[in-house]
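Start at 1 with the first residue, then count along the sequence.
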Amino acid sequence: MRYLNYINGQWKAPSTEEFRENLSPHNKESLGEFPSSAATDVQDAVAAAKDAFPDWKRLSIHQRATYLQKAAAILKENIEEIGRDLIREEGKNLSEGMGEANRAVSILEYFAAEARQPLGEVIPSANEKTFLYTTRTPLGPVGLITPWNFPIAIPVWKMAPALIYGNTVVIKPADLTPKSVYHVMKAFDEAGLPAGVLNCVFGRGSVIGNELVKHPDIKAISFTGSNQVGRLIQEQAVEHGKKVQMEMGGKNPLVVLNDADLEKAVEIAVGGAFKSIGQKCTATSRVIVEEGIYESFRDRLVARTKELRIGNPLHEETYIGPAVSKTQLDGVLEMIETGKSEATLLCGGEVPEDDELKNGFYVKPTIFENVPTNAQIAREEIFGPVIALFKAKDYEEAVKIANDTEFGLSAAICTNNLTMARRFVEDAEVGLVHVNSETAGTEPQLPFGGCKNSSSGSRELGKTAIEFYTEVKTVYMDPM
């Protein structure tokens with residue numbers, strides 16, 4: 001089946017008349033053909049968004065919320081199909097894939113409910129006759145560039161606040177996972193969203209993303225992806241005078257103290273590192289353990305990792321599915337080979353030999369120990385199921401290792417000591433801290449984002465989403 005771009009309320013073929021096959025990472029099954037669009041298609045989408053903006057802006061926030069509510073209801077009605085399509089094109093296991101699809105519904109419902117929240121402040125004036133207040137105004141057409149690892153949740157958590165606060169949208173989904181965003185576009189179309197308010201152009205980032213970033217009518221760019229691409233987009237966006245939001249990589253630590261519940265800590269490490277085959281910016285990639293429990297923790301972690309079922313992501317018993325593509329798998333395998341020369345391999349590090357998996361992009365979950373802090377596997381984001389284990393003599397050394405990175409997205413600690421937990425919250429140089437839970441995971445009502453080279457500093461989701469998608473207008477009102 002061929003899928004089309006969504007521009008100005010219509011499904012349109014790309015101007016190139018070229019399409020790219022969407023393949024399952026499990027067995028290379030065809031999941032349909034999606035447009036390989038050109039800059040001309042982006043220009044059409046931006047023109048539609050620009051034309052639709054004045055009328056969309058004039059609607060009350062409650063009127064805009066009704067479209068989010070309708071789209072959420074449509075997604076919910078079709079959640080089984082949507083979740084399975086996500087699993088088939090991205091590789092998450094059944095539980096995670098269905099969970100992400102349901103999360104998209106929750107995000108839409110959350111931002112629809114923001115219609116009931118204040119949008120400004122009344123501020124006392126020094127002049128008794130002056131009425132001072134602030135309000136929020138939308139930016140205009142915004143460009144969203146989204147990644148393949150959360151192919152429905154991240155697109156929705158960008159477009160939902162953009163829309164509810166009065167902006168129009170042109171989205172460029174990841175070319176490896178286009179079908180998930182197609183379902184979102186279809187839901188908004190069926191919800192009766194006015195033409196031009198939401199537009200989607202499929203294609204290569206180097207073509208579609210580049211045109212979005214430099215187009216003069218796009219007022220802001222929100223990007224999630226790699227640091228290399230993110231920094232390039234940031235430079236171009238600033239050069240063209242655009243507001244820009246970047247969420248990028250992570251090298252997230254889990255610290256396990258001597259007093260931790262070992263069984264629970266092992267499950268937290270396994271879940272944080274190996275769910276979604278480690279293809280998360282918030283995945284646990286470094287596990288730092290106090291020396292008093294290091295050997296016991298290590299042995300339990302290796303044993304538990306060897307129990308994990310690798311297989312078809314649509315099977316209920318599967319814990320670890322495939323990498324999203326051959327390119328992604330090759331990159332992970334290359335880093336594992338580098339790790340073998342830098343550290344001690346404890347388990348994994350190879351492609352499974354099962355006949356059922358031979359046509360997919362699979363790798364066994366991998367653990368290294370005796371990892372130097374300056375090793376490549378200790379410093380670079382791998383985006384795969386790889387743990388680097390470190391032994392720390394005490395809490396102070398553990399925190400020093402945890403913070404020894406250019407990234408600052410997420411960190412976690414396992415401890416029964418409330419004082420140490422509170423210290424870690426203060427000491428960890430990250431935007432997200434978890435106590436006795438995985439480094440991964442977020443809820444729509446909470447801000448999401450990092451520091452250092454993980455983020456441009458702004459936050460997504462929660463109450464803070466309004467900061468990026470609006471501007472503050474200050475009003476002075478005096479009588480005649």
Side-chain angles (χ1 to χ4, degrees), residues 24-27 83 86-88 90-100 149-150 252-254 256 260-287 289 295-325 328-329 331-333 335-336 339-340 343-369 371 377 382-389 412 414 434 436-441:
S24 164
H26 167 61
N27 57 10
L86 186 157
I87 293 162
R88 285 160 57 197
E90 195 269 342
K92 283 186 174 70
N93 67 29
L94 191 60
S95 173
E96 292 179 276
M98 295 305 298
E100 183 182 341
N149 62 323
F150 284 91
N252 311 296
L254 166 65
V256 184
D261 180 319
L262 281 186
E263 293 298 330
K264 183 175 181 181
V266 165
E267 287 303 315
I268 288 171
V270 167
F274 300 143
K275 285 179 181 176
S276 299
I277 195 171
Q279 295 178 154
K280 299 179 181 179
C281 56
T282 53
T284 302
S285 58
R286 297 178 296 142
V287 179
V289 187
E295 284 76 15
S296 179
F297 177 89
R298 176 199 62 199
D299 294 345
R300 294 185 191 204
L301 177 65
V302 170
R304 179 70 181 102
T305 299
K306 289 179 177 179
E307 294 173 352
L308 301 178
R309 176 67 181 268
I310 305 171
N312 186 332
L314 287 169
H315 292 173
E316 287 189 10
E317 65 273 18
T318 294
Y319 193 96
I320 293 180
V324 73
S325 68
Q328 179 64 22
L329 174 63
V332 172
L333 292 173
M335 287 294 291
I336 288 172
K340 290 176 181 178
T344 302
L345 178 67
L346 295 177
C347 68
E350 58 191 4
V351 174
E353 297 178 352
D354 311 49
D355 286 343
E356 181 192 4
L357 309 181
K358 65 183 180 181
N359 290 324
F361 309 123
Y362 289 89
V363 60
K364 292 182 179 180
T366 303
I367 302 174
F368 289 98
E369 71 170 349
V371 183
I377 60 169
I382 300 174
F383 229 62
V386 180
I387 285 177
L389 267 178
C414 289
H434 294 259
N436 297 324
S437 61
E438 300 170 16
T439 54

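The structure places CD1 of I87 at 11.5 Å from NE2 of H315, a figure rounded to the nearest 0.5 Å. For the atom pair CD of E356 and CD1 of I310, the computed distance is 11.5 Å after rounding to the nearest 0.5 Å. Between R286 atom CZ and N252 atom CG the span is 8.0 Å, to the nearest 0.5 Å. For the atom pair L254 CG and H434 NE2, the distance stands at 11.0 Å (nearest 0.5 Å). How far CG of L333 is from CZ of F361: 11.5 Å, rounded to the nearest 0.5 Å.
Of all non-hydrogen atoms in S437 and A412, the two that sit nearest each other are O-CB, 3.3 Å. Taking all atoms of both residues into account, the shortest heavy-atom contact from A283 to G278 is CB-O, 3.8 Å. Minimum interatomic distance between P322 and Q279 (heavy atoms only, all atoms of both residues): O-NE2, 4.2 Å. Annotation for G339 and I377: closest pair CA-CG2, 3.7 Å, computed over non-hydrogen atoms. Closest non-hydrogen pair, A269 versus I387, comes out as O-CD1, 4.2 Å. Minimum interatomic distance between I268 and C414 (heavy atoms only, all atoms of both residues): CD1-SG, 3.6 Å.
Within 6.0 Å of atom CD in E353, 12 or fewer heavy atoms from other residues, nucleotides or ligands are found, so the atom counts as exposed in its surroundings. Within a 6.0 Å radius of CD in E316, no more than 12 heavy atoms belonging to other residues, nucleotides or ligands are found. For K340, the NZ atom counts as densely surrounded, since its 6.0 Å shell holds more than 12 non-hydrogen atoms of other residues, nucleotides or ligands.
T366 places a side-chain N or O within donor-acceptor distance of the main-chain N or O of G349, the cut-off being under 3.5 Å. Side-chain atoms of S24 come within 3.5 Å of backbone atoms of R88 as a donor-acceptor pair (strictly under, hydrogens ignored). Checked by atom type and distance alone, the side chain of N27 never pairs as donor or acceptor with a backbone atom of N359 at under 3.5 Å. Judged purely by atom type and a 3.5 angstrom limit, E317 has no side-chain atom pairing as donor or acceptor with the backbone of R309. Side chain of N93 to main chain of I320: no donor-acceptor pair is present (N/O by atom type, distance under 3.5 Å, no hydrogens or angles). Using modelled atom types, one side-chain atom of S325 and one backbone atom of Q328 make a donor-acceptor pair closer than 3.5 Å. Distance alone, capped at 3.5 Å, is enough to place a donor-acceptor pair between the T439 side chain and the T282 backbone. Without hydrogens or angle criteria, K92 side chain to K275 main chain gives no donor-acceptor distance under 3.5 Å. No donor-acceptor pair under 3.5 Å is formed between the side chain of D354 and the backbone N or O of L357.
Under the 4.5 Å side-chain criterion, counting only non-hydrogen atoms from C-beta, F150 is in contact with K280. Here the side chains of N149 and V324 are not in contact, with every heavy-atom distance at 4.5 Å or above. Between L346 and L301, every side-chain heavy-atom pair lies at or beyond the 4.5 Å cut-off.
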Inset, instruction - Before giving the answer on side chain to side chain contact (heavy atoms under 4.5 Å, CB included), spell out for V332 and F383 the whole-Å C-alpha distance, their side-chain angles and the decisive distance to 0.1 Å. - result: CA-CA 7 Å; V332 172; F383 229 62; 5.7 Å; no

Inset, instruction - Carefully, step by step, assess I336 and V363 under the rule side chain to side chain contact (heavy atoms under 4.5 Å, CB included). - result: CA-CA 10 Å; I336 288 172; V363 60; 4.0 Å; yes

Inset, instruction - Given side chain to side chain contact (heavy atoms under 4.5 Å, CB included), test V289 with R298 step by step and report yes or no. - result: CA-CA 9 Å; V289 187; R298 176 199 62 199; over 6 Å; no

Inset, instruction - Take I277 and Y362 through the test side chain to side chain contact (heavy atoms under 4.5 Å, CB included) and record every step on the way to the result. - result: CA-CA 9 Å; I277 195 171; Y362 289 89; 5.9 Å; no

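Using a 4.0 Å cut-off between charged side-chain N and carboxylate O, E307 and R304 make a salt bridge.
With respect to V270, the side chain to side chain contact (heavy atoms under 4.5 Å, CB included) criterion is satisfied by exactly one of L308, T284, V287: L308.
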